[in-house]
Amino acid sequence: MIEVSHISKSFNGKTILSDVSLNIAEREMACIIGPIGCGKSTLLRCIAGLEKPESGHIDLNMKQEGSTHNHVGMVFQRFNLFPHLTVLHNLTLAPIQVLKMSKHDAEEIALRQLEAVGLRQKADVLPSQLSTGQQQRVAIARSLVMNPKILLLDEPLSALDPIATSEVMDVLRHLKKEITIVMVSHDMNAVEELGDKVHFLSDGRIVESGTPNDIFHNPKEEETRQFIDHLKNMIYHISSPQFDRPELNARIELYCNRFGLGGQAYRFIQLAIEELFNLIPLDNGVELTLSKSDNEVRMSIDATMPDKGVDYLSDELAVDTLSFSLLSGLCDLMTESSEDGQHRIHLELDQERLLLK
């Protein structure tokens with residue numbers, strides 16, 4: 001249905017897209033992933049007709065009368081709902097003004113789409129009275145009232161809490177059976193579950209395309225593998241003892257939520273890291289990496305720092321024997337090694353504690 005052929009796009013002399021080509025079949029859920037600033041949203045806007053490529057072409061293969069882009073719906077990252085209009089009015093504005101539909105018919109379709117996303121009861125409220133997840137579902141419903149053949153989603157799960165993410169995911173599971181969808185997302189769990197095809201974009205070019213299993217578990221390109229490995233891990237750099245501990249704790253909680261770990265898992269991990277920090281120096285710089293195994297509930301912590309010729313995980317040498325004892329009880333395995341001027345501590349956390357609700 002969608003054929004993108006060798007398109008390029010630049011802004012102010014900077015290349016954003018470079019010779020990008022991809023094909024998306026009818027009723028396929030195509031997901032575009034890649035690092036921030038790689039051109040994902042620009043590619044989506046080109047497909048929507050909001051940006052014009054400088055070279056190449058995009059064919060939506062539609063035989064309906066009128067502009068093909070009338071049959072493309074786009075949901076923006078920040079919803080873009082009109083704050084002064086009710087939910088129902090937000091949904092009926094375009095059908096009435098663009099499609100010249102009667103108010104009665106537009107409201108009938110709008111209410112049907114609100115029912116489909118579980119928000120029929122919110123028709124008469126303002127967007128400010130909705131949660132972020134509800135606002136996103138309204139934004140999706142607003143696109144659907146135009147009866148698009150293609151739906152473009154720009155980070156539909158961005159900034160949503162776990163409950164809101166679950167609500168929007170339910171809508172997307174239903175939609176992917178009925179319409180062609182192109183989704184840009186940093187939520188790899190959603191991409192892996194929903195995607196029929198995944199396109200990895202980097203520096204404005206398609207590096208690799210394949211099924212979710214191909215991209216996430218058997219990537220052919222080294223650049224793809226490095227990107228996926230980075231996504232699977234949480235990496236945090238500490239430059240001094242005065243680092244932002246609340247930010248680190250929040251990052252740990254988000255990381256655990258991504259994998260649906262037990263309700264106490266993130267507190268358990270935070271405690272293990274806190275006890276580790278009582279044993280190692282933070283003033284020389286530490287790179288902290290939190291990793292989860294693919295095939296089981298196994299979490300590991302790695303701390304890398306300049307080698308000072310000191311072993312920190314020793315009950316005889318530990319600067320804080322209580323922290324050493326606590327950390328030992330939290331871990332199934334603790335090792336440390338030195339190589340090329342770097343000292344590395346590797347911890348594998350107690351598996352049963354990670355599953356506690």
Side chain to side chain contact (heavy atoms under 4.5 Å, CB included) partners of [X], counting only residues at least two apart:
X	result
L254	none
L322	D320, L326
S325	none
E107	L88, T92, K103

Inset, instruction - Indicate whether the side chain of D283 and that of S240 have a donor and an acceptor atom separated by less than 3.5 Å. - result: no
For [X], which residues count as a ring-ring contact (aromatic ring centres under 6.0 Å, His included) partner, sequence neighbours excluded?
X	result
F82	none
F76	none
Y236	none

Inset, instruction - For R27, check salt bridge (Lys or Arg N to Asp or Glu O under 4.0 Å) against everything at least two apart and list the hits. - result: none
Legend entry - Connected-component partners of I163 among ILVMFWY, side-chain separation under 4.5 Å: none
Inset, instruction - Among residues two or more places apart or on two chains, list those pairs meeting ring-ring contact (aromatic ring centres under 6.0 Å, His included) that have a residue in residues 330-353. - result: Y312-H343
Inset, instruction - For the pair E336 (side chain) and L313 (backbone), establish whether a donor and an acceptor sit closer than 3.5 Å, ignoring hydrogens and angles. - result: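 Checking the backbone N and O of L313 against the side chain of E336, a donor-acceptor pair under 3.5 Å is found.
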Donor-acceptor list for residues 112-119 side chains, cut-off 3.5 Å, not counting sequence neighbours:
none

Could you go through residues 192-211 and list every donor-acceptor pair under 3.5 Å that involves a side-chain atom there, pairing it with any protein atom two or more places apart or in another chain?
| from | atom 1 | to | atom 2 | distance (Å) |
| --- | --- | --- | --- | --- |
| E192 | OE2 | H217 | NE2 | 2.7 |
| E193 | OE1 | R173 | NH2 | 3.4 |
| E193 | OE2 | R173 | NE | 2.4 |
| E193 | OE2 | R173 | NH2 | 3.3 |
| D196 | OD2 | M29 | N | 2.8 |
| H199 | ND1 | S209 | OG | 2.7 |
| S202 | OG | E223 | OE2 | 2.6 |
| R205 | NH2 | E223 | OE1 | 2.7 |
| E208 | OE1 | K220 | N | 3.3 |
| E208 | OE1 | E221 | N | 3.0 |
| E208 | OE1 | T224 | OG1 | 2.8 |
| E208 | OE2 | K220 | N | 2.7 |
| T211 | OG1 | D214 | N | 3.1 |
| T211 | OG1 | D214 | OD1 | 3.4 |
| T211 | OG1 | D214 | OD2 | 3.0 |

Inset, instruction - Taking the side chain as every heavy atom from C-beta outward, state whether I16 and L43 have any pair of such atoms under 4.5 Å apart. - result: no
